[in-house]
Amino acid sequence: MKRNHLIKPILDHNYPTVSHGKGIYLYDTDGKQYIDGSSGAVTASIGHGVLDVVEAMTEQASKVSFAYRSHFTSEAAETLAEKLSELAPGDLNWSFFVNSGSEATETAMKIAIQHWQEKGFERKNRIVSRWTSYHGITMGALSMSGHVSRRKRFVPLLEDFPSISAPYCYRCPYESSGCKLQCANELETSIQRLGSENIAAFIAEPIIGASAGAVTPPDGYYQRIKEICERYDILFIADEVMTGIGRTGKMFAMEHWGVTPDIIALGKGMSAGYTPIAATLVSDRVMEPILKGSKSIMAGHTYSANPLSAAVSLEVLAYIERMNLVQAAEEKGQYLLEKLHGLAERFDIIGDVRGKGLLLGLEFVSNRSSKTPFDMQDGITTRIVNKAFEKGLLIYPASGAIEGIAGDAVIISPPLVITNEEIDSLVKILEASIEELQHELHSEGLIENKQAI
């Protein structure tokens, strides 16, 4: 047997080899077809094999693919920054380009801290974040993350940033006493305990992705968060790496709540997977003291703002606009959401259906009426993901939402180009996968008798 040299997610797992992709489909070298029901890692938003992007990539590469940002700027990078300024809400007019979402959130953290340093507030260097969150795998981004299982190995090296509860309405800890957005009010409590003079920013995913499976806050939540941040002179960072660039039916997910952050982190949808690129968008207000002071952001990466990735991102954004894919995400998302609610009416192990646009999630429970989660050792998330994969459907795992020790969920987030007929095919495979799993769980005694719908 040939030795493997590539470090894969599971070292001894036998992964199929991808051959090519077209539209919402991927194919392996054995000819098997897969519906990309998760857009990879919620990334391939315009689908696979879009020739317009390939042509833009080729054209830019034929001119220049790389120039170091300390030596040159480029037309592609300048135009991309201008385009993002046009798309972004408020005065988010500055872009710092990096290579991944982790780098984008970490750059956002650094810029927030530098903003206060340049204003003479050296002590404002802490970031407040939420449990049940994920902002990236670099040490700074992981410090801001409340994803317990991903933090576990590195806790001694991490900052203790996660402080408040997530707006997890399905399991609201304040439900018995009347919620009244107490999860948002926790931010004020945390600020009072830590001292606003020590806090640079608060960071949140508009819709919680990898750590919870499309957990969506109630109306009024972000309005309250923004009001608290402004009252205590704390910057608000929106981590839109997963939600940004049309995924939720708005160009930026924060638009659903009419709230403009001070800093936005972008990734995934910027290039739809055609090249590594991400960005930190910064408001004029945040940049002003830096412009008047050091005139330099203390961050940098070799491939930041490289012309090739910038040109690809520009074409992806243009394609999204030409094809009206933001509106498509809203419309197709509603159609898919109705189908998922239909599955919940049939299968008792589906406890919650949630999300916006084409960022939707299912949470699985052993008892629907009591919302009892499965034991994580039962591996329910892995089992449903694997069953769907075997049947030709890719979905995204999101387990551990309950303090990192329980909670099984998946994200369904197909490319924005998906048709209603393709959604029907996706749901048919998902239905068969859930049916098979539920039957097995009944046989294994892991779920109770059928609960009342």
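Contact check for V215 versus T132: no side-chain heavy atoms found under the 4.5 Å cut-off. Annotation: side chain of H147 is not in contact with side chain of W131 (no heavy-atom distance under 4.5 Å). In this structure the side chain of K250 reaches within 4.5 angstrom of the side chain of H256, judged on heavy atoms. Side chains of E330 and L358 form no contact here, defined as non-hydrogen atoms less than 4.5 Å apart. Looking at heavy atoms from C-beta onward, N185 lies out of side-chain contact with Y174 at the 4.5 angstrom threshold. A 4.5 Å side-chain heavy-atom check between E431 and F347 finds at least one atom pair inside the cut-off. The shortest side-chain heavy-atom distance between V128 and F161 does not fall under the 4.5 Å cut-off. Looking only at side-chain heavy atoms (C-beta outward), T280 and I264 stay at 4.5 Å or farther from each other.
When atom types are taken as modelled, the side chain of R69 and the backbone of F97 share no donor-acceptor pair closer than 3.5 angstrom. Checked by atom type and distance alone, the side chain of N306 pairs as donor or acceptor with a backbone atom of L308 at under 3.5 Å. Of the possible polar contacts, one joining the Q60 side chain to the V64 backbone as a donor-acceptor pair under 3.5 Å is found. Put simply, the side chain of D30 never gets that close to the backbone of K32: no donor and acceptor are under 3.5 Å apart. Remark: the backbone N or O of S165 is paired with a side-chain donor or acceptor of E186 at under 3.5 angstrom. Checked by atom type and distance alone, the side chain of S19 never pairs as donor or acceptor with a backbone atom of T29 at under 3.5 Å. The backbone N or O of M139 lies less than 3.5 Å from a partner atom in the side chain of S143, making a donor-acceptor pair. At distances below 3.5 Å, at least one donor-acceptor pair connects side-chain atoms of T43 with backbone N or O atoms of A41. A donor-acceptor pair under 3.5 Å is formed between the side chain of S271 and the backbone N or O of T275. Side-chain N or O atoms of S309 include one that pairs as donor or acceptor with a backbone N or O of P276 at under 3.5 Å.
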Item to check | F374/F364 under ring-ring contact (aromatic ring centres under 6.0 Å, His included): CA gap, chis, key distance, verdict | outcome: CA-CA 8 Å; F374 290 98; F364 300 99; 7.9 Å; no

Item to check | Working for side-chain contact (heavy atoms from CB on, under 4.5 Å), residues K63 and E75 | outcome: CA-CA 11 Å; K63 298 176 182 176; E75 183 179 352; 5.7 Å; no

Checklist entry - Can you list the steps and then say if D352 with R368 is a salt bridge (charged side-chain N to carboxylate O under 4.0 Å, His left out)? => result CA-CA 9 Å; D352 194 27; R368 180 184 290 179; over 6 Å; no

Next on the checklist: Is there a side-chain contact (heavy atoms from CB on, under 4.5 Å) between T17 and D28? Walk through the geometry before answering.
Outcome noted: CA-CA 5 Å; T17 300; D28 66 23; 5.9 Å; no

Next on the checklist: Walk me through whether E422 and K332 qualify under salt bridge (charged side-chain N to carboxylate O under 4.0 Å, His left out).
Outcome noted: CA-CA 10 Å; E422 290 168 336; K332 303 305 179 184; over 6 Å; no

Item to check | Derivation of the side-chain contact (heavy atoms from CB on, under 4.5 Å) call for D262 and K226 | outcome: CA-CA 10 Å; D262 299 292; K226 179 67 171 176; 3.6 Å; yes

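Between the side chains of S133 and E205, not a single donor N or O lies within less than 3.5 Å of an accepting N or O. Remark: the S102 side chain and the S100 side chain contain no N/O donor-acceptor pair separated by less than 3.5 Å. Between the side chains of S39 and D36, no donor-acceptor pair of N or O atoms lies under 3.5 Å.
No salt bridge links E103 with K110; every basic N to acidic carboxylate O contact stays at or beyond 4.0 Å. Of the charged side-chain nitrogens involved, none lies within less than 4.0 Å of a carboxylate oxygen, so that D219 and R224 do not count as a salt-bridged pair. A salt bridge is defined here as a Lys NZ or Arg NE, NH1 or NH2 lying under 4.0 Å from an Asp or Glu carboxylate O, and E363 with R354 meets this definition.
Counting non-hydrogen atoms of other residues, nucleotides and ligands closer than 6.0 Å to CG of L157 gives a total above 12. For K8, the NZ atom counts as densely surrounded, since its 6.0 Å shell holds more than 12 non-hydrogen atoms of other residues, nucleotides or ligands. Counting heavy atoms of neighbouring residues, nucleotides and ligands inside a 6.0 Å radius, atom CD of E321 exceeds 12 of them.
The minimum heavy-atom distance between F66 and T302, with the atom names listed, is CE1-O, 3.2 Å. Residues A76 and P307 come closest through the heavy atom pair CB-O, 3.6 Å. Heavy atoms only, all atoms of each residue included: P218 and L181 are closest at CG-CD2, 3.6 Å. The two residues L80 and S313 make their nearest non-hydrogen contact at CD1-OG, 3.5 Å. Closest of all the heavy-atom pairs between I208 and A166 is CD1-CB, 3.6 Å. Nearest approach of T216 to C169, heavy atoms of both residues: O-SG, 4.4 Å.
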Side-chain atoms of residues 390-408: list all donor-acceptor pairs with protein atoms under 3.5 Å, sequence neighbours left out, distances to 0.1 Å.
| unit_1 | atom_1 | unit_2 | atom_2 | d |
| --- | --- | --- | --- | --- |
| K391 | NZ | E436 | OE1 | 2.9 |
| D408 | OD1 | T381 | N | 3.0 |
| D408 | OD1 | T381 | OG1 | 2.7 |

Compile the donor-acceptor pairs under 3.5 Å between side chains in residues 235-246 and protein atoms, sequence neighbours left out, one pair per line.
| unit_1 | atom_1 | unit_2 | atom_2 | d |
| --- | --- | --- | --- | --- |
| D239 | OD1 | V241 | N | 3.1 |
| D239 | OD2 | H135 | ND1 | 2.7 |
| E240 | OE1 | T243 | OG1 | 2.7 |
| E240 | OE1 | A253 | N | 2.9 |
| E240 | OE2 | A253 | N | 3.1 |
| E240 | OE2 | M254 | N | 3.0 |

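The side chain to side chain donor-acceptor pair (under 3.5 Å) test applied to S145 returns no partner, not counting sequence neighbours. Applying the salt bridge (Lys or Arg N to Asp or Glu O under 4.0 Å) test to R383 and every residue at least two apart in sequence or in another chain returns E440, E444. Residues that satisfy the side-chain contact (heavy atoms from CB on, under 4.5 Å) test with E338, not counting sequence neighbours, are Q334. By the side-chain contact (heavy atoms from CB on, under 4.5 Å) test, H5 pairs with R3, sequence neighbours left out.
In this pair, Y25 and Y27 present their aromatic rings tilted. The plane angle is within the 30 to 60° band.
In this structure, CD1 in I228 is found 9.0 Å from CZ in F202, a value given to the nearest 0.5 Å. Going from atom CH2 of W94 over to atom CD1 of I263 covers 13.5 Å, rounded to the nearest 0.5 Å. The distance from atom CG of L325 to atom CD1 of I418, rounded to the nearest 0.5 Å, is 12.5 Å. With rounding to the nearest 0.5 angstrom, the OG1 atom of T105 is 10.5 Å from the CD1 atom of I127. Interatomic distance, CZ of R322 versus CD1 of I46, reported as 9.0 Å (0.5 Å rounding). Distance check, rounded to the nearest 0.5 Å: OG of S211 to CZ of R130 gives 8.5 Å.
Checked against the 6.0 Å centroid threshold, Y15 and H13 count as a close aromatic pair.
A cation-pi arrangement is present between K371 and Y170, with the terminal nitrogen or guanidinium carbon under 6.0 Å from the aromatic centre and inside a 45° cone about the axis.
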